[in-house]
Amino acid sequence: MKRYQPSEFEPTLIAEWNKDKVYKAVLSKGKKKMYILDMFPYPSGAGLHVGHPRGYTATDILTRYYRMKGYSVLHPMGWDAFGLPAENAAIKDKTNPKKVVPKNIDNFRRQMQMLGFSYDWDLEFATTDPDYYQWTQWLFIEFFKMGLLTKKMTPINYCPNCKTGLAEEEVLADGTHERCGTKITKKELPQWIFRITEYADRLLEDLKDLKWPTGILEMQKNWIGRKEGININYRVKGTKELITCFTTRPDTNFGATFIVVAPEHKFVASLLKSKAKSQKSKVEDIKKYVEKAKSKTELERQAEGKKKTGVFTGFYAINNLNDRKMPIWISDFVLKDFGTGAVVGVPGHDLRDFEFASEFDIDVVRVVVGSDGDKSPITKKKQVQEEEGTMINSSFLDGMDIHKATKKIMNYIEKKGWGKRVVTYHLRDWIFSRQRYWGEPIPMIYCESCAKNKVSYFNTSKNQKSVISNQKTKKEVKSRINEIKDSLYGWFPVSEKELPLELPDLDKYEPLATGESPLAAVDTFINTTCPNCGGKAVRETDTMPNWAGSCWYFLRFAFPRHPELGSGSKRDPGSGSGMRTKSPSRKEWDKMMKSADKWMPVDWYFGGAEHAVLHLLYARFWMKAMYDIGLVSQTEPFMRLRNVGMILAEDHRKMSKSWGNVINPDDVVNEFGADSLRLYEMFMAPFSQEIAWSTRTLQGSYRFLTRVWRMCKQYSIQIKSHTSVEKDHQEVLNELHRTIEKVSSDIENVKYNTAVAAMMEFLNFWEDELKDQIVNSKGKSKMPLSSKSAKEFLKILAPFAPFMTESIWYDIFEEKESIHLADWPIADKKLLKMEVITIPVQVNGKLRATLTMDKKQADEKTVVKKALEDEKVKKYTDGKKYKVIYVKGKILNLVLKK
RNA sequence: GGCCGAGUGGUGAAACCGGUAUACACGCAAGACUUAAAAUCUUGUGUCGCAAGACGUGCGGGUUCGAGUCCCGCCUCGGCCACCA
């Protein structure tokens, strides 16, 4: 044991920790529990890049800290292995993802162990394990039973070149396919829709209980986008039709001058059907415009910018408030999915409406006067008044401010029966079907003959039993089912006994030209019997999106172990020993959850901010739905959330193979050891901040560890000889305890950069003290800290540098049990207090001197007296009157009087 | 366009409730060791100035004995959403 040479002991320690199961998660009675979780990774072929360990080291430090503090800690790791990247990589290599994924997992696991993360590897599993996804399928069926899933025609993104439907993430911002650059079109396909919007209010409401970064909370809030407004019905002159418009600004309704509907609006369809009612030339125009609008790609829409296009229908709607005839237009700036797909145009008080009105010469009426007092007619874009103001030209609203007017007019319209208050959301229902191979098969069966007889799961008598006890939820479920059951004739869930419904092994699994899933071409998979009538039936061939697996994995980690079921089979490459489960059933779930519930919820959740709305929203949704069925006892999965900042390459660009600027952790560990990498990534910047990699700065962390190593090495003589009675230097001891205190609180606040700085500061102090010793005792080194105290320092460094501290712990200090199971040191409150303090002295707010004195003597009188003895202070105050401002023990300010 | 962050030395950054601005580290400079280099160690390092001192946390104001921190008005950069009615 000479030089600090990490490669000499790091691999050995990994093997020992694994063998002794040092990091086994055990829930002990009388101990507080702590569940610390990373967003589990997708195991790509490239292996870990240097950005992954930043988050994983952070959770590892928390885990090690709480473990040493005596908590029961759950810290697992697994693999989110379904999804497009694996599938595309496998297609490219002409192999099956089933073969590639296990290899990738092995590599990821090896790298994580290399970095010393203290996961309980026995709990490992992958979302692609049939043993896991049988439960994901089971949950799908439970959600189906409570009316949260329905199937309907929905437009999806489609690439005409690759002949496949695409996920949102495969469509670039300019509307092209990321692989081939072809413009994406829309294609209507039957899709399973997950009705997340049913939970919009609760997803919004419950945000208030979460200790999450405010930015993420804000993003979820915006994404849900709750808006209160009113739906107003307008009569179409000369017909029996009504057009309903959503608006949040009914106060301006006296200023409404036109109506615009989306090209997809049902009024347009009925218009085209009954040609007789409108002029023939108009019908042709309308047809042309609607077709063009529907075929427009995102790219074309963006190229057009905000220039308004549209076509007049020849019809007018009547504004009941003032009997105004408002022309009805069709335009693609109105979105079919927002509000009612129809807008009432108030060009004086909405910029977009004004642009439309100017384009087509529609009247503009002012109904609000803003703070500029401008009452003149609105003719210029600048004059459009969207802000606060007072009503004019609005009959009984005149003189009111806009908020009061809004309330008044809403009441008025509702009373008259012209409209109804409504709440709308930005949140859309979740399209849950993928026409892809590499995902969980959706466990549903379609029976044509049952469909013909209008039979579905929901009207077969044996299925009417409800397990939901909450009356309110029961009612909601009932009304949901009533709404959707007619669209689900012929659909039945796969029976529990059949789970897992396994993904078949296929040689060819490229998406089909029809836009269907590749499973649609596999006869042995499709054909089955109807669970209801026993006749011929077919399986659903779509698979679930890659988000499904991450919606409940945090529960699965907490499931009790079943060693009697054996370890993961070859088929389940990820499942660790004792993590297999029996077939899914409500009884089995309840048994599992009874014990898993003790770990829930996740106390600390770490991952990238890019999941702010997707994964985090979906998982919260599942949790609430599960709660409603009684599957879990909590409504929120993740109590505290922290976002890890991205690590950029040294050239400040994103790390990417194509730039050739990727840093591989294997190389870093080879050169500097895992501890240096961990320490550096914690020290480099505040945790959530994006930062560029710097090998130079990493060397600073390496240097620090080398110095700690050297320092500790000097204890070996002392310890082996057992001769000298060790004694702590009071000042070093005080400094040590201050460091213990600082590091402890910094860890709990995820401020690792300052925690590391504090330890560096301490080492500087400790070394200086030793040098003084050597000088004073003429070369004979006597350590300024006892080995007992030195070990305390080693302990607080242990979560950051688990390898080196463990190695010293065993070899120098001759300990027998792992440092990572030792007790966390507690700072001695008596030692924290500063006996001697420095007080800055200011004259007129400018620093002129500092006083060093005993804390007990630092009363105002003494401090002022001492300050006035200072030459510099005297220079400014001599012969002048001054006011004394003294904050005890903090600062003295002498303010000269004029 | 909407919402949310952030601007501090040559660089990454620190500063708890308004109380010594620049902790810790990198880099740089000089020196020690060495035949030499690397490694290591020592000292210095906000700007201007010989110094005393003055100035200094994106810019302009304000509150205060005292402002990186609070208030008002701007500028720049980053993130998310976006023809959202």
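Please read all numbers here as calculations on a predicted model, not as lab measurements.
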Quiz item: Counting only side-chain N and O atoms of A/K227, is one of them less than 4.0 Å from OP1 or OP2 of B/A85?
Solution: yes
Exercise. Could you tell me whether A/R653 and A/D651 make a salt bridge, using a distance below 4.0 angstrom between a side-chain N and a carboxylate O?
Key: yes
Quiz prompt | Base paired to B/A15 (Watson-Crick or G-U; both N/O distances under 3.5 angstrom) | solution = none
Practice problem: Verify the contact: side-chain N or O of A/N844 to OP1 or OP2 of B/G66, cut-off strictly under 4.0 Å; return yes or no. | Solution: no
Quiz item: Rounded to the nearest Å, what distance is computed from the CD atom of residue A/Q699 to the C1' atom of nucleotide B/G27?
Solution: 12 Å
Quiz item: Can B/C17 be described as syn, meaning its chi torsion is within 90° of 0, or is it anti?
Solution: syn
Quiz prompt | Heavy-atom closest contact (A/I328 atom, A/F267 atom, distance) | solution = CG2-CE2, 4.0 Å
Practice problem: Give a yes or no on whether a salt bridge exists between A/R352 and A/E355, defined as a side-chain N under 4.0 angstrom from a carboxylate O. | Solution: no
Quiz item: Taking the P atom of each, how far is B/U40 from B/G79, in whole Å?
Solution: 37 Å
Quiz prompt | Rounded distance in Å - CG (A/L217) to C1' (B/G79) | solution = 16 Å
Quiz item: Do A/R249 and A/D350 meet the salt-bridge criterion of a basic N to acidic O distance under 4.0 Å?
Solution: no
Exercise. Tell me whether the OP1 or OP2 atom of B/A25 has a side-chain N or O from A/N764 closer than 4.0 Å.
Key: yes
Exercise. Would you mind telling me which of B/C55, B/C83, B/A23 lies closest to the side-chain atoms of A/K846?
Key: B/C55
Exercise. Mark yes or no for a side-chain to base donor-acceptor pair under 3.5 Å between A/T838 and B/U20, with no hydrogen or angle criteria applied.
Key: yes
Quiz item: Considering only B/C83, B/C24, B/C41, which nucleotide approaches the side chain of A/D332 most closely?
Solution: B/C83
Quiz item: Starting at the 5' end of RNA chain B and moving along, which residue's nearest nucleotide shows up first, A/T340 or A/R703?
Solution: A/R703
Practice problem: Tell me, with the steps shown, if A/K866 and A/E869 meet salt bridge (Lys or Arg N to Asp or Glu O under 4.0 Å). | Solution: CA-CA 5 Å; A/K866 272 201 154 190; A/E869 282 165 12; over 6 Å; no
Quiz prompt | A/W693 CH2 - B/U11 P separation (whole Å) | solution = 22 Å
Quiz item: Which one is paired to B/A38, where only Watson-Crick or G-U wobble pairs with both distances under 3.5 angstrom count?
Solution: none
Exercise. Would you indicate what A/Q842 reaches in the nucleic acid, counting non-hydrogen atoms under 4.0 angstrom: base, sugar-phosphate, or nothing?
Key: base
Quiz prompt | Interatomic distance at C1', B/C77 relative to B/G58, whole Å | solution = 10 Å
Self-check item: Per A/L847 side chain, nearest of listed nucleotides B/A52, B/C83, B/U20
Solution: B/U20
Quiz item: Can you tell me how far C1' in B/G46 sits from the matching atom in B/G10, rounded to whole Å?
Solution: 11 Å
Quiz item: In terms of side-chain heavy atoms of A/W223, which of B/C3, B/C81, B/C24 is nearest?
Solution: B/C81
Quiz item: Using a cut-off of less than 4.0 Å, is there contact between a side-chain N or O of A/K381 and OP1 or OP2 of B/G1?
Solution: no
Quiz item: Do the non-hydrogen side-chain atoms of A/R54 and A/F687 ever get within less than 4.5 Å of each other?
Solution: yes
Quiz item: When we call it a touch if two heavy atoms are under 4.0 Å apart, what does A/T424 touch: a base, just sugar-phosphate, or nothing?
Solution: nothing
Exercise. Please measure how far the C1' atom in B/G53 lies from the corresponding atom in B/C70, and state the result in whole Å.
Key: 31 Å
Quiz item: Looking only at N and O atoms, is any donor in the side chain of A/R352 or the base of B/A85 less than 3.5 Å from an acceptor on the other one?
Solution: yes
Self-check item: Proximity to the side chain of A/K890 - top-ranked nucleotide from B/C83, B/G53, B/G19
Solution: B/G19
Quiz item: Quantified in whole Å, what is the P atom distance between nucleotide B/G66 and nucleotide B/G1?
Solution: 39 Å
Exercise. Counting Watson-Crick and G-U wobble pairs only, both distances under 3.5 Å, name the nucleotide matched with B/G78, or none.
Key: B/C4
Self-check item: Under 4.0 angstrom between A/K771 side-chain N/O and B/U42 OP1 or OP2
Solution: yes
Exercise. Identify whether any heavy atom of A/R848 sits under 4.0 Å from a base atom; if not, whether one sits that close to sugar-phosphate; answer base, sugar-phosphate or nothing.
Key: sugar-phosphate
Self-check item: Value in whole Å for how far the P atom of B/G5 lies from CG of A/N222
Solution: 12 Å
Quiz item: So what does A/K875 touch, heavy atoms closer than 4.0 Å: a base, only the sugar-phosphate, or nothing?
Solution: sugar-phosphate
Quiz item: How far, in whole Å, is B/G68 from B/U22 if one measures between their C1' atoms?
Solution: 11 Å
Quiz item: Looking at the rings of A/F683 and A/F800, which for Trp means the six-membered one, are their centres under 6.0 Å apart?
Solution: no
Quiz item: Taking the side chain of A/T697 as heavy atoms from C-beta outward, which of B/A85, B/G19, B/A25 is closest to it?
Solution: B/A25
Quiz item: How would you label the contact of A/R226 with the nucleic acid (heavy atoms, under 4.0 Å): base, sugar-phosphate, or nothing?
Solution: nothing
Quiz item: With a non-hydrogen cut-off below 4.0 angstrom, is A/V343 in contact with a base, only sugar-phosphate, or nothing?
Solution: base
Quiz item: Would you say A/R3 reaches B/U40's phosphate, i.e. side-chain N/O to OP1/OP2 under 4.0 Å?
Solution: no
Exercise. Mind telling me if B/G9 is syn or anti? Syn here is a glycosidic angle within 90° of 0.
Key: syn
Quiz item: So what does A/I885 touch, heavy atoms closer than 4.0 Å: a base, only the sugar-phosphate, or nothing?
Solution: base
Practice problem: Could you work out the separation of B/A39 and B/U45 based on their C1' atoms and round it to a whole Å? | Solution: 23 Å
Exercise. Identify which nucleotide among B/C3, B/C83, B/G66 has an atom closest to any side-chain atom of A/N893, counting heavy atoms from C-beta outward.
Key: B/G66
Practice problem: Nearest whole angstrom, please: distance from the P of B/U40 to the CD of A/Q5. | Solution: 14 Å
Practice problem: Tell me which nucleotide among B/G19, B/G27, B/A85 gets nearest to the side chain of A/R696. | Solution: B/G27
Exercise. Could you give me the CA-CA distance, side-chain angles and deciding distance for A/L677 and A/E671, then say whether side-chain contact (heavy atoms from CB on, under 4.5 Å) is met?
Key: CA-CA 10 Å; A/L677 176 61; A/E671 200 173 346; over 6 Å; no
Quiz item: If you check every side-chain atom of A/F683, which of B/A21, B/G12, B/A82 has the closest atom?
Solution: B/G12
Exercise. Would you classify A/K751 as touching base, sugar-phosphate or nothing, given that sugar-phosphate means primed atoms plus P, OP1 and OP2, and contacts are heavy atoms under 4.0 Å?
Key: sugar-phosphate
Quiz item: Just one of A/F672, A/W709, A/Y680 clears the ring-ring contact (aromatic ring centres under 6.0 Å, His included) bar with A/Y702, so which one?
Solution: A/F672
Quiz prompt | B/G12 versus B/C4 - spacing of their C1' atoms, nearest Å | solution = 24 Å
Self-check item: Side chain of A/T850 (C-beta onward), nearest among B/A15, B/U20, B/A14
Solution: B/U20
Quiz item: What does B/A54 pair with, Watson-Crick or G-U, if both distances are under 3.5 Å?
Solution: B/U47
